[in-house]
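Residue numbers begin at 1 in each chain, while the letters A, B, ... track the order of the sequences.
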Protein chains: 2
Amino acid sequence: MEQRVVGVLGAGQLGRMFVEAAARLNVQVRLLDVGDTAPAKQINYLPGPDCKSQHIDGSFADPEKIRELASQVDVLTIEIEHVDATQLQKVLDDKLVDAVHPLPSTIALIQDKYLQKVHLAAKGLPLAEYLAVGPEDMSKATDASQARAAQIEAVSEIGKVFGFPLMLKSRTQAYDGKGNYVVKSADQAAEAVAALGDGKRGLYAEKWAPFEREVAVMVVRSATGEVRAYPAVETVHKNSICHTVFAPLRTADPGVEARARQIAEQAVATFGGAGVFGVEMFLMPNGELLINEIAPRPHNSGHYTIEAADTSQYENHVRAILGLPLGSTALKVPSAAMINILGLADLDKDPEAVAKTLVPGVVSLDVPGTTCHLYGKTGCRKGRKMGHITIVGQSDAEVRSRLRVVEEGLDRATQLAEEGGKLPAELTLPGVVAQNASASSSASKTGSVSAKSAQDFSHPQPLVGVIMGSDSDLPVMMAAAEILKKFDVPFELTIVSAHRTPDRMRTYARSAAARGLRAIIAGAGGAAHLPGMVAAQTALPVIGVPVKGSTLDGVDSLHSIVQMPRGIPVATVAINNSTNAALLAVRILAAADPTYLDKMQNYMHQMEEEVNGKIDRLATEAWDYTVKK
Amino acid sequence: MEQRVVGVLGAGQLGRMFVEAAARLNVQVRLLDVGDTAPAKQINYLPGPDCKSQHIDGSFADPEKIRELASQVDVLTIEIEHVDATQLQKVLDDKLVDAVHPLPSTIALIQDKYLQKVHLAAKGLPLAEYLAVGPEDMSKATDASQARAAQIEAVSEIGKVFGFPLMLKSRTQAYDGKGNYVVKSADQAAEAVAALGDGKRGLYAEKWAPFEREVAVMVVRSATGEVRAYPAVETVHKNSICHTVFAPLRTADPGVEARARQIAEQAVATFGGAGVFGVEMFLMPNGELLINEIAPRPHNSGHYTIEAADTSQYENHVRAILGLPLGSTALKVPSAAMINILGLADLDKDPEAVAKTLVPGVVSLDVPGTTCHLYGKTGCRKGRKMGHITIVGQSDAEVRSRLRVVEEGLDRATQLAEEGGKLPAELTLPGVVAQNASASSSASKTGSVSAKSAQDFSHPQPLVGVIMGSDSDLPVMMAAAEILKKFDVPFELTIVSAHRTPDRMRTYARSAAARGLRAIIAGAGGAAHLPGMVAAQTALPVIGVPVKGSTLDGVDSLHSIVQMPRGIPVATVAINNSTNAALLAVRILAAADPTYLDKMQNYMHQMEEEVNGKIDRLATEAWDYTVKK
């Protein structure tokens, strides 16, 4: 492939993962950041004629250094948006590079979160209500104390419109919760303004958004404007820093995931230049999605794509900025999660700060489906992003149970860091990890959900739903629950009546796939409409169990369930045989998951052995052994 | 994690992918190979105090250089087995390093393919018959012409035992078919010996093994002797060089995959030291597996693990040699393939040699689920390994159809290279790839099997099997085939009779999962035993279609199919309703594959629209429109 050199402003972890993707395609990268051993520089050997590294040692905000980098490369991009956008426009105007991605104007727009909102609102995209606080153009506000007074006044005024609490935000240089201030009453206006730049930085206010969950979508945009969204994910923040990410997003409302992707694509389509963008959104209790903010680069919430998607966000960024075809953004695994490894202590205060911080990584080595990424950063500060762990699995339940092991390690290390305790040997490398390994090996080797995590009949991430029209069907349907437990299938069991709770049935069936279910077992007697009516409102396989009533021997239910019209199948099993319904559900899971296939093969082998035992008994005891007791 | 420095002999593509995995775990690596920009050195920046790279410039066979590397690292490993094993033992004895992995004695044993065979045979592992040719200990054979004469004589003698053709092999320095000679008759003995070292190198002979297929298994071994096999894969060689790899291995014989893993684990357990080993085997027509040879390092047939397995072979090699817990070797995707990018021409003869060689990579950028790895090698020679492409997908059929696009690109480039033609613009980067993109975009965007690749009723990689007891059931079962075609499901349709072909039924059912099927649709009338008897012999979901006979209206078949005993379920649909059977099969696929889920949702939406159309028609035309025509 043609050699075009890419320059990147910034050489932190995002740059490092970008370099990894670029190297795989033989794309040469030159980096601008302070120091010779920034994370991205470590994995990119670039000797110059004078035997010095050809990377640039300097700040990505320094106009001179940006020009120096630009003069050596064909295409410029960024791993952080807090760069000198004016200088980027200048090197483009001066034709020092063929392209800057995304466009310097896009970077400038996104740098100022208030202007970002104005832009998105003008394009009709959904946002929480917002208002400028004090002077709209801070470059014209020469007097800081005047600006401060205007800002304090504005906060009080806006409070009358939005109510309190409201979110006061710095327009620029804000990330990971820095630059945000929750103003609970008008009394706090002065201290909030003081905390956020004290009249020296522009501010804006947002109406409080009591969101249910946070959602993010990575979108890749080609230079010609093609946009492709990755699946929507759920992001969980702690202390305003991304803590965990879950892909794909599961919701009871089946349309949310597609809507999130659509909004993200629409938003990214409004920006100029190529590359990957991260769109963070709030999911409101009424199902509404509001854009929170946009990052014009690969993003923490997209790390999971390295292991879980057809093409990682980093490779798609490489492709987009070089004009190569965009890669598929589809998930290649059923479920994934990502957890950040954040510094647990400052190295100058705790000599074990690094070792404690790495405990989740050490623990993760024993958990199947996990990949630990360490960024090669020197030193350790509390809250600093030192690495991340990606976890993939065959189901949400499996991913969550794997994550739990890592989180338990994190909890223990956090406690030790807070209490200043000494890290026990089994949580450090090298040798002793092996002990840790054998301790947790039973959970990790089966690779399946542990019994402990599968609550009896309402697993939080169920794969199979067992429903029946009435609790009078429970005696028949209990056998299904027993089988699912035996096979370690995460499931939920509940009552859904076609005739008495038609709305509940509709909601249950329509949300099933979006909640992550893969099969539904429905038991019904008499007219037995439940299985068929559920099948009519979901694309998942529905298994029907005819429950025998007091008349007609269950043949009525059997015919009601099995004789479905062309177009809507119900997988019908024998009358009252919910055991077989559950076994069929396991076989459906086994079709795509070798672990369940193995378990079913073992189960069938055991049945054969049991009958062999009876054959022996019949041969050795007596032909009437079943009636004699 | 504790910093222990790893030294690697060799810095080619295997070393490069090892460095990638090591960097992710913050493991420092120093490399020994000729030149400053060997593939692995490019992605590993290691500046020394004198501002020179701290990697070592020299041959991995040079004893002095090995000592130099050893003095700087804690653990030594290799990316190629043609190293100086004696020197490795010496640096270990001299305690220059804590460990060498695998053990120098293991490397020495494997270097000599004859001794490797003797060792494996002594451990009871299955091999093709073999015999030494001429002097067993070449170090004692001082006179080359004497040795040559003895070798020629031996070939003739062995021919009497093994018959011709037989395989004559060099004991050392053999790879990619170099060092092998097919001797077709005793007359060829002299030329074969002359070709393989002419009395200067040790030889051995193998009985001709007319294998059906070639199989490989990667195994990781911890220093304490724990072994974990990756799934068995099929390898396809062209001109004795690995061309493509398919994971997992599919065979009609359901036990082969597990047996291959078991043999590989047993073989690797016999060797000393930690690390990844590649075990290549022949699958004979009678189902027997014979070990061909073993590589004491990550291997070409394991490249696919980077994108397709929980933990890549490279990361597991890092973990094993450092005493970290071994990672899961399970596949995380349903199906994967790997194709090598081999040099198509010599650069000094064809200035477009590189561009032609990279055509498969260029083409792959447009194919979902593919990852292109280029090794950063300078220059280009015919047959040189320049990169590889991994393809993952939700089914074998999907992976094969994606591979086909890449192979078509390869075929075109190969033809151009052979005929000396000029590479057309649409096959080169950068800009014009976009054209190529739109041309093939219809296939690539759906991400599913194209209609063209799905042969009508005997797809080579079927997901669903449609079977019936007799061709008299065809009129009923045809509707199932129509639905599967409509949904782009790769399927096979055939006759299997429970009563007339019980052996065929047994074979069909037992091999179904190993062949990659995910569901079976079985139609039967009257006594209707086929669905239940198939379900009794597979762990896959079986869907039964009761076929209506001339008496009893099909209720006989319905009851025979649905009233299965506890333990063995059959998913029964309505009488004669094979449409619903196929729709149920699609729903079963949809449970794990979002593409089919989308298709099923669209299908259900279309049905709704059709009925809405009829509602309109009834309202606007007349209430008797169905009878008036």
Side-chain angles (χ1 to χ4, degrees), chain A residues 1-2 23-26 41-45 51-52 310 322-325 328 330 332-334 358 365-366 368-369 372-374 376 392 429-431 433 437 447 513 518-519 539-541 562-564 566-567 569 571-574 577 579-580 583-584 587-588 590-592 597 600-601 604 607, chain B residues 1-2 23-26 41-45 51-52 310 322-325 328 330 332-334 358 365-366 368-369 372-374 376 392 429-431 433 437 447 513 518-519 539-541 562-564 566-567 569 571-574 577 579-580 583-584 587-588 590-592 597 600-601 604 607:
Chain A
M1 305 195 183
E2 195 199 50
R24 213 172 278 152
L25 290 171
N26 270 4
K41 291 182 181 177
Q42 292 170 18
I43 62 166
N44 191 352
Y45 176 59
C51 116
K52 275 190 182 162
D310 274 349
L322 289 178
L324 304 178
S328 156
K332 65 182 178 185
V333 295
L358 295 189
L365 295 179
D366 266 323
C372 176
H373 294 251
L374 300 180
V392 302
L429 284 185
V433 168
R518 296 199 191 150
L540 294 176
V562 77
Q563 285 297 103
M564 287 292 291
R566 226 166 282 276
T572 310
V573 294
N577 200 334
T579 301
N580 275 7
L583 290 171
L584 185 56
R587 286 183 183 225
I588 287 170
L597 192 71
M600 181 54 74
Q601 274 159 352
M604 293 171 76
M607 277 198 296
Chain B
M1 308 198 176
E2 195 198 50
R24 213 173 277 154
L25 291 171
N26 270 5
K41 292 181 180 176
Q42 293 171 17
I43 62 165
N44 192 352
Y45 175 59
C51 125
K52 275 192 186 160
D310 275 350
L322 289 178
L324 304 177
S328 156
K332 65 182 179 186
V333 294
L358 295 187
L365 296 178
D366 265 322
C372 177
H373 293 253
L374 301 181
V392 302
L429 284 182
V433 168
R518 296 200 191 149
L540 294 175
V562 78
Q563 286 296 102
M564 286 291 290
R566 227 165 282 277
T572 310
V573 295
N577 199 335
T579 299
N580 275 7
L583 291 170
L584 184 56
R587 285 182 183 228
I588 287 170
L597 193 71
M600 182 54 75
Q601 275 159 351
M604 293 171 75
M607 278 198 297

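Of the listed residues (A:V573, A:L540, A:D310, A:T572), the greatest number of heavy-atom pairs within a distance under 4.5 Å of chain B belongs to A:T572. Chain B forms the most heavy-atom pairs under 4.5 Å with one residue out of A:R566, A:M600, A:M607, and that residue is A:R566. Residue with the most contacts toward chain B among A:S328, A:P334, A:G369, A:A591: A:A591 (heavy-atom pairs, distance under 4.5 Å).
Looking at A:Q601, the atoms closer than 4.5 Å to chain B (heavy atoms on both sides) sit in the backbone and in the side chain alike. At a 4.5 Å heavy-atom cutoff, the contact between A:M604 and chain B is made by side-chain atoms alone. Both the backbone and the side chain of B:Q563 have a heavy atom closer than 4.5 Å to some heavy atom of chain A. Looking at A:A519, there are no atoms closer than 4.5 Å to chain B (heavy atoms on both sides), in backbone or side chain.
The side-chain contact (heavy atoms from CB on, under 4.5 Å) search around A:A592 returns B:A592, not counting sequence neighbours.
A:N580 contributes a side-chain N or O that, together with a main-chain N or O of B:G567, makes up a donor-acceptor pair within less than 3.5 Å. A side-chain donor-acceptor contact under 3.5 Å links B:N577 to the backbone of A:M564.
Taking each heavy atom of B:A539 and A:A590 in turn, the nearest pair found is O-CB, 4.5 Å. The shortest heavy-atom contact between A:L584 and B:P569 is N-CG, 3.6 Å. When all heavy atoms are compared, the tightest approach of B:A23 to A:I43 is CB-CG2, 3.8 Å.
Taking 4.5 Å as the limit, every side-chain heavy atom of A:L358 sits out of range of all side-chain heavy atoms of B:N26.
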